[in-house]
Colleague: 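Let me give you the structure first, and then I'll get to my questions.
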Amino acid sequence: MIILRGKDLKIAYEDKTIINKLDIDINKGEVYTIVGPNGCGKSTLLKGISRCKKLVNGHVYLDSKDINKCNSKEISKSIAILPQMRNVPGDIKVKTIVGYGRYPHLGLRNKLEEEDHKIVRWAMEKTGVLDFQDREIGTLSGGEGQRVFIAMALAQKTEILILDEPTTFLDISHQLEVLELVKDLNEELGITIVMVLHDLNLAARYSSRIIVMKQGEVIVEGKPEEVFQESILNSVFGIHAYISHDHIHDCPYFIPIDKKNHTFKHNV
Ligand SMILES: Nc1ncnc2c1ncn2[C@@H]1O[C@H](COP(=O)(O)OP(=O)(O)OP(=O)(O)O)[C@@H](O)[C@H]1O
Ligand SMILES: [Mg+2]
């Protein structure tokens, strides 16, 4: 079942068109990762499908309803987005930031009720930031801060979670921790995930579908094993790659090979 659909999308910054005539379908319950070179329009697409950026053309449908016909509260009860740029003043307390995730759900008093506090606590527990709840965000490490923002998105309690580079700044152990959390959220709570990752091997391991973008276009969309092909990686990223299978996680993996060592792949 398609939960989020973009049709004939055109997105531009003033007169600079980044995305044109793009179609995208997001199936409920899957984990999608968008990959592609820097500047190809991944963040722009995420902003377009979550109505953070106005479309020049086209439509986005959330559960078959045009999101232009939904009010902002309605959208933010369904879609939470962790943007790539996360600028907040450093002196805000962690639990206050996570509490922002509850804003779309607040009633007329615009105040967190007991149930909201419970959800905020649950989100902090789930992301392992409960111990930092009274610290100021500016005093946390990059990885700790990252988890706080994921907690904020989680506290929004949406059926779709959009994460723009959730693993930047993280060491490998914390990258795995965040992606395991994403996997749990998908498997246990059925949350549909759309994220951007730069690490293609982690994308292959943690996604059920991969969307490959280049210069504002979707080049291919499919299961990791369908997308991981030398010719695709070569045309999108300009690299040569040795592609194999990770038997531990049952997914493809690749080793990038620079042009000088191109013959290496024939010897493996
Ligand atoms: N606010 C803006 N005003 C003007 N141009 C912008 C703006 N934001 C992004 N762009 C341009 O739009 C293009 C796509 O940017 P976008 O951030 O979507 O790329 P991306 O694929 O997410 O890249 P990255 O991997 O570096 O995050 C880039 O050329 C960028 O310079
Ligand atoms: Mg980006």
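The model shown is predicted, which means the values in this text are computed figures rather than measured ones. The basis for the numbers below is simple: all heavy atoms, side chains too, and nothing from hydrogens, waters or symmetry mates. Indexing begins at 1, ligand by ligand and atom by atom, following the structure's order.
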Colleague: Report the part of Thr44 (side chain from C-beta onward, or backbone N, CA, C, O) that has a heavy atom under 4.0 Å from ligand 1; answer both or neither where that applies.
Modeller: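 Both backbone and side chain of Thr44 come within 4.0 Å of ligand 1.
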Colleague: Answer with yes or no whether Gly36 contacts ligand 1, where contact means a heavy atom under 4.0 Å from a ligand atom.
Modeller: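 Heavy atoms of Gly36 never come under 4.0 Å of ligand 1.
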Colleague: Is it true that some N/O/S atom of Asn38, main chain or side chain, lies under 2.8 Å from the Mg ion (ligand 2)?
Modeller: no
Colleague: For Glu165, counting its heavy atoms only, list the atoms of ligand 1 lying under 4.0 Å from any of them.
Modeller: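 Listed by number with element: 25 (O), 27 (O).
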Colleague: Which of the numbered atoms in ligand 1 are below 4.0 angstrom from a heavy atom of Gly41?
Modeller: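 Every atom of ligand 1 under 4.0 Å from some heavy atom of Gly41: 14 (C), 18 (O), 19 (O), 20 (P), 21 (O).
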Colleague: Which residue holds the protein heavy atom closest to atom 23 (O) of ligand 1, what is that atom called, and what is the gap in Å?
Modeller: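 Result: Gly39 N, 2.8 Å.
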Colleague: What protein heavy atom sits nearest atom 17 (O) of ligand 1, and how far away is it?
Modeller: Ser43 CB, 3.7 Å
Colleague: Is His198 in contact with ligand 1, taking contact as a heavy-atom separation below 4.0 Å?
Modeller: yes
Colleague: Using heavy-atom distances, let me know which of Val196, Thr17, Ile18 sits nearest atom 13 (C) of ligand 1.
Modeller: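 Checking each option, the heavy atom nearest atom 13 (C) of ligand 1 is found in Ile18.
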Colleague: Between Glu74 and Lys65, does at least one N-O distance fall below 4.0 Å, as a salt bridge requires?
Modeller: yes
Colleague: Any carboxylate oxygen within less than 4.0 angstrom of a Lys/Arg side-chain nitrogen, looking at Asp134 and Lys95?
Modeller: yes
Colleague: State whether the side chain of Arg102 and the backbone N or O of Lys111 hold a donor-acceptor pair below 3.5 Å, judged by distance alone.
Modeller: no
Colleague: Which residue holds the protein heavy atom closest to atom 26 (O) of ligand 1, what is that atom called, and what is the gap in Å?
Modeller: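 Result: Asn38 ND2, 3.1 Å.
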Colleague: Considering non-hydrogen atoms of the protein only, which is the closest contact for atom 6 (C) of ligand 1, and what is the distance?
Modeller: Tyr13 CD1, 3.3 Å
Colleague: If you take the nearest heavy atom of each of Glu14, Lys42, Lys16, Gln215, which one is closest to atom 25 (O) of ligand 1?
Modeller: Lys42
Colleague: Can you name the closest pair of heavy atoms from Leu163 and Ile193 and give their distance?
Modeller: CD1-CG2, 4.3 Å
Colleague: Would you call Leu4 and Ile49 a side-chain contact if the rule is heavy atoms closer than 4.5 Å?
Modeller: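 Leu4 vs Ile49: side chains touch.
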Colleague: Looking at Glu217, I'd like to know if its CD atom is crowded, meaning that more than 12 non-hydrogen atoms belonging to other residues, nucleotides or ligands lie closer than 6.0 Å.
Modeller: no
Colleague: Considering only heavy atoms from C-beta outward, does the side chain of Val31 approach that of Met195 to under 4.5 Å?
Modeller: yes
Colleague: Side chains of Arg5 and Ser64: is there a donor and an acceptor less than 3.5 Å apart?
Modeller: no
